Amino acid sequence: IICNKATSTQKKVAAAYLRHIASDENQAEWNKVSGYLGVTDSCYKSEFFVESMKDPNLVAIAEGTKYTHARPNTKYWREMYTYMVDYLVDFTKNPDKYDAKELNSKMAEYCQSIIDAN
């Protein structure tokens with residue numbers, strides 16, 4: 001996607017960025033700054049990630065990712081994703097209407113109900 005119509009220079013810049021962001025240290029730092037989890041296996045074993053996992057919220061998220069699947073391999077993924085995006089759009093427009101824990105719980109329950117029904 002990045003490189004389909006890119007110039008040679010743009011492709012080099014994109015490749016350099018991907019190398020940069022894929023390093024264990026940068027993945028762990030991105031995790032700390034953004035809340036997103038690292039995407040490399042070695043990141044989870046790195047000292048940087050271990051340090052960031054002192055946050056109990058991140059521990060809970062990391063534990064939960066053990067049960068995730070690649071999207072193309074998850075049945076009914078599109079239905080679940082569409083539901084969650086719609087819910088999150090409403091959340092961003094009306095944040096006072098929601099409790100974040102309840103929001104996550106309801107989305108998880110709905111997605112599990114789709115899996116259970118099929």
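What you are looking at is a predicted structure, and each value in this text was computed from that prediction instead of being measured.
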**Q.** Distance, nearest 0.5 Å, that separates CG of Asp86 from CZ of Phe91
**A.** 15.0 Å

Q) If only atom types and distance count, is the side chain of Ser23 paired as donor or acceptor with the main-chain N or O of His20 below 3.5 Å? A) yes

(Q) Quick check for you: to the nearest 0.5 Å, what is the distance between Glu79 atom CD and Ile115 atom CD1? (A) 10.5 Å

Q.
Nearest 0.5 angstrom please: Asn104 CG to Met84 CE, how far?
A. 10.0 Å

(Q) Is there a path of hydrophobic side-chain contacts, each under 4.5 Å between heavy atoms of I/L/V/M/F/W/Y residues, joining Val89 to Tyr81? (A) yes

Q: Flag yes if Ile114 and Met107 sit in one hydrophobic cluster, no otherwise; membership is Ile, Leu, Val, Met, Phe, Trp, Tyr, and two members link when side-chain heavy atoms are under 4.5 Å apart.
A: yes

Q. Closest approach of Gln10 and Ala6, non-hydrogen atoms and distance?
A. OE1-CA, 3.2 Å

Q) Judged by atom type as modelled, is there a donor-acceptor pair below 3.5 Å linking the side chain of Ser113 to the main-chain atoms of Tyr110? A) yes

Q) How far apart are the closest heavy atoms of Tyr83 and Lys106, and which atoms are they? A) OH-O, 4.2 Å

Q: Examine Trp77 and Val85 and state if one hydrophobic cluster contains both, with Ile, Leu, Val, Met, Phe, Trp and Tyr joined whenever side-chain heavy atoms are less than 4.5 Å apart.
A: yes

(Q) Between Asp99 and Glu102 (side chain of the first, backbone of the second, donor and acceptor by atom type, cut-off under 3.5 Å), is there such a pair? (A) yes

Q: Answer with yes or no whether the hydrophobic clustering places Tyr87 together with Tyr76; edges join I, L, V, M, F, W, Y residues whose side-chain heavy atoms lie under 4.5 Å apart.
A: yes

Q. What closest approach, in Å, do Met80 and Cys111 show between heavy atoms, and which atom pair accounts for it?
A. SD-CB, 3.4 Å

